[in-house]
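Worksheet for the structure shown next.
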Amino acid sequence: MNRIAVRSVVGGLLGGRNCNRYISTAVAVRPLDGALFLNRRNGDVLGGFYWRRMMSTVPQSAETASLGEKEQKESQSSVSDDAKKGSDSVVVSNYWGIQRPKITREDGSEWPWNCFMPWETYKSDLSIDLSKHHVPKTFLDRVAYRTVKLLRIPTDIFFQRRYGCRAMMLETVAAVPGMVGGMLLHLRSLRKFQQSGGWIKALLEEAENERMHLMTMVELVKPVWYERLLVLAVQGVFFNAFFVLYVLSPKLAHRVVGYLEEEAIHSYTEYLKDIDSGKIENVPAPAIAIDYWRLPKDSTLKDVITVIRADEAHHRDVNHFASDIHFQGKELREAPAPLGYH
């Protein structure tokens, strides 16, 4: 026993810094009173005695410091991860394998838009006849025409010659019919196991094109809170009203949209007149419009309004054409849909 004790002492002395390995990991001290026991947080109580933990060879102060540094590094790491997530906006999941392909412009620069892709862009056909007008012939034609004229009265009173705000409101309404018509034709195709003749896609193209008009106008106008509130109210009323109208009479619904587009052409023509006269500043075109319509880099507001007006003329033709098909007693699927006809 004496030899073993001597070897332990000599080994501890020779071990130097590692001598703590040979010391007992528990030291019994005096019993704790109630108050002192409650204040102790780094120990356990066994049999009324306090047993101090000495499992680590690092001093307690150094261990606390290392824990603080570790927490600081973790917080810095989480901050950097959050910043990275904020810059990327969406963390790509490797598990699902969903990742946006790398898309570039023709000049090799990165494509900046998520709301539309390069293959959805186009050059607007400016040669379209803007003066065409469908003369009301039947009772439903006159109902559609008078309805649109009545709807224009409150718009003229509220917006007057603020054609930027008027255009924003107009595009909010104009983007609804294509979506409603495409949705109802889609459901009908599912119910009756019939092809749509391409009209679902054609009407959804119209809705998407009108939505891009709105995105462009928002960049130019920067609507205030009461104009945004008005948009919510008008869209809520118009969507439900047009939905019911399309269910009851698609030919009347398309005729109404055709006349709405004629009014849009008139409004954008007045917009261009104010730009030419200097009442509205001819500011540079927004970047989203330049990429969507493949406009030159130095394009202006006048160029943007010109291509939007041409789009509205195409929508006028499509909806009057669809209404004529219904008036002939046929279904849309029996006539070719004007796909890509913006």
Under 3.5 Å, which donor-acceptor pairs do the side chains of residues 214-221 form with other protein atoms, sequence neighbours left out?
unit_1 : atom_1 : unit_2 : atom_2 : d
Thr216 : OG1    : Met212 : O      : 2.9

Thinking salt bridges, do Arg188 and Glu331 make one under a 4.0 Å N-O criterion? yes
What pairs of donor and acceptor atoms, side-chain ones from residues 228-245 against any protein atom, are under 3.5 angstrom apart with sequence neighbours left out?
unit_1 : atom_1 : unit_2 : atom_2 : d
Asn240 : ND2    : Gly236 : O      : 2.6

Side-chain donor-acceptor pair under 3.5 Å between His315 and Asn209, yes or no? yes
So, using side chain to side chain donor-acceptor pair (under 3.5 Å) as the criterion, who are the partners of Ser131 when residues are at least two apart? Asp129
Just jot down the side chain to side chain contact (heavy atoms under 4.5 Å, CB included) partners of Ser127, sequence neighbours excluded, or say none. Asp125
List for me each residue that meets side chain to side chain donor-acceptor pair (under 3.5 Å) alongside Arg142, sequence neighbours excluded, and say none if there are none. none
Trp111 vs Phe116 aromatic rings, parallel, tilted or perpendicular, using cut-offs 30° and 60°? perpendicular
Aromatic plane relationship, Tyr292 with Tyr122 - under 30° parallel, 30 to 60° tilted, over 60° perpendicular: perpendicular
When you look at Asp317 and Ile128, which way does the side-chain contact (heavy atoms from CB on, under 4.5 Å) test go after all the steps? CA-CA 10 Å; Asp317 295 349; Ile128 189 170; 3.5 Å; yes
Can a side-chain donor-acceptor contact be found between His326 and Arg255 if the only test is distance below 3.5 angstrom? no
Taking side chain to side chain donor-acceptor pair (under 3.5 Å) as the definition, give me every residue that meets it alongside Glu261, ordered by chain and number, with sequence neighbours left out. none
For a quick check under 3.5 Å, do His320 and Glu262 share a side-chain donor-acceptor pair by atom type? yes
